[in-house]
**Q** 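Before we start, here is the structure in question, set down as structure tokens.
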Amino acid sequence: MTQRPASEVFTAIFERDEDGYWLVRLREERGVSTFGKTLERARFYIAEAAELWYERPVTLREEIRLPREIKQSVTRAQRERDRVAAAQEASSLANRDAAHRLVDDAHLPLRDAAAVLGLSHQRVAQLLAM
């Protein structure tokens with residue numbers, strides 16, 4: 001039986017080879033490695049290999065190794081998606097508050113509130129139901 005590391009979370013390190021395959025290994029255990037033609041397959045194979053090695057379900061943290069310029073571009077894209085998601089949430093909250101104030105406080109009909117907000121009356125009805 002293989003001795004277990006103290007951590008319950010293991011790091012899967014993914015790298016592309018010259019043929020385009022994803023090579024993947026566990027940082028904590030050199031004996032656990034595999035490959036896949038796609039990232040999805042490599043993820044599946046390393047999870048399966050780790051569970052067989054440790055004889056229990058494991059949690060994997062991914063480290064995908066890419067050239068620095070590409071990694072920076074990916075990080076920028078992720079940061080922008082997070083920023084947009086936060087802005088969408090803030091917009092939704094502001095629209096809901098405005099819809100309630102227009103209908104509940106100003107006593108506007110649903111369609112007039114929608115016109116003021118620049119939204120469909122169906123969307124305003126959804127906001128009011130939240």
**Q** Quick one: does Asp19's side chain have a donor or acceptor within less than 3.5 Å of a partner on Tyr21's backbone?
**A**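 Between the backbone of Tyr21 and the side chain of Asp19 there is no qualifying donor-acceptor contact (under 3.5 Å).
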
**Q** Determine whether Trp53 and Leu26 make a side-chain contact, defined as any pair of heavy atoms from C-beta on separated by less than 4.5 Å.
**A** no

**Q** CZ of Arg65: more than 12 outside heavy atoms within 6.0 angstrom?
**A**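 Counting neighbours around CZ of Arg65, more than 12 heavy atoms of other residues, nucleotides or ligands fall under 6.0 Å, so yes.
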
**Q** Which heavy atom of Gln126 sits nearest a heavy atom of Met130, and at what distance?
**A** O-CG, 3.1 Å

**Q** Which pair of heavy atoms, one from Leu127 and one from Ser92, lies closest together, and at what distance?
**A** CD2-O, 4.1 Å

**Q** Mind listing the side-chain donor-acceptor pairs of residues 104-114 below 3.5 Å, one per line with the distance, residues two or more places apart or on another chain?
**A**
from   : atom 1 : to     : atom 2 : distance (Å)
Asp104 : OD2    : His100 : ND1    : 3.0
His107 : ND1    : Asp104 : O      : 3.4
His107 : NE2    : Asp105 : O      : 3.4
Arg111 : NH1    : His121 : ND1    : 3.2
Arg111 : NH2    : His121 : NE2    : 3.4

**Q** If you draw a 6.0 Å radius around CD in Glu40, do more than 12 non-hydrogen atoms from other residues or ligands fall strictly inside?
**A**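 12 or below, so no.
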
**Q** Atom CG of Asp97 and atom CG of Leu102: how far apart are they, to the nearest 0.5 Å?
**A** 9.5 Å

**Q** Kindly work out whether a path of hydrophobic side-chain contacts (I/L/V/M/F/W/Y, heavy atoms less than 4.5 Å apart) joins Val116 to Leu128.
**A**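 Val116 and Leu128: one cluster.
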
**Q** Quick check: is Phe35 connected to Leu52 through a chain of hydrophobic side chains (ILVMFWY, heavy atoms under 4.5 Å apart)?
**A**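 No, because Leu52 and Phe35 fall into different hydrophobic clusters, even though each may have its own neighbours under 4.5 Å.
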
**Q** Could you measure the distance from the CZ atom of Arg61 to the CD1 atom of Ile13? Nearest 0.5 Å is fine.
**A** 10.0 Å

**Q** Shortest non-hydrogen contact from Ile64 to Lys71?
**A**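 Smallest heavy-atom distance, with atoms named: O-NZ, 3.5 Å.
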
**Q** So which heavy atom on Ala99 is nearest to which on Val124, and how close?
**A** CB-CG1, 4.1 Å

**Q** For Val24 and Ala42, which heavy atoms make the closest approach, and how far apart are they?
**A**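 Closest approach of Val24 to Ala42, heavy atoms only: CG1-O, 3.9 Å.
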
**Q** For Trp22 versus Leu39, what's the shortest heavy-atom pair and its separation?
**A**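 Result for this residue pair: CD1-N, 3.3 Å.
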
**Q** Taking side chain as C-beta onward, heavy atoms only, is Arg43 less than 4.5 Å from Phe14?
**A** yes

**Q** Rounded to the nearest 0.5 Å, how far does CD of Glu28 lie from CG of Leu60?
**A** 9.0 Å

**Q** Please check this pair: side chain of Asn95 against backbone of Ser91, looking for a donor-acceptor N/O pair closer than 3.5 Å.
**A** yes

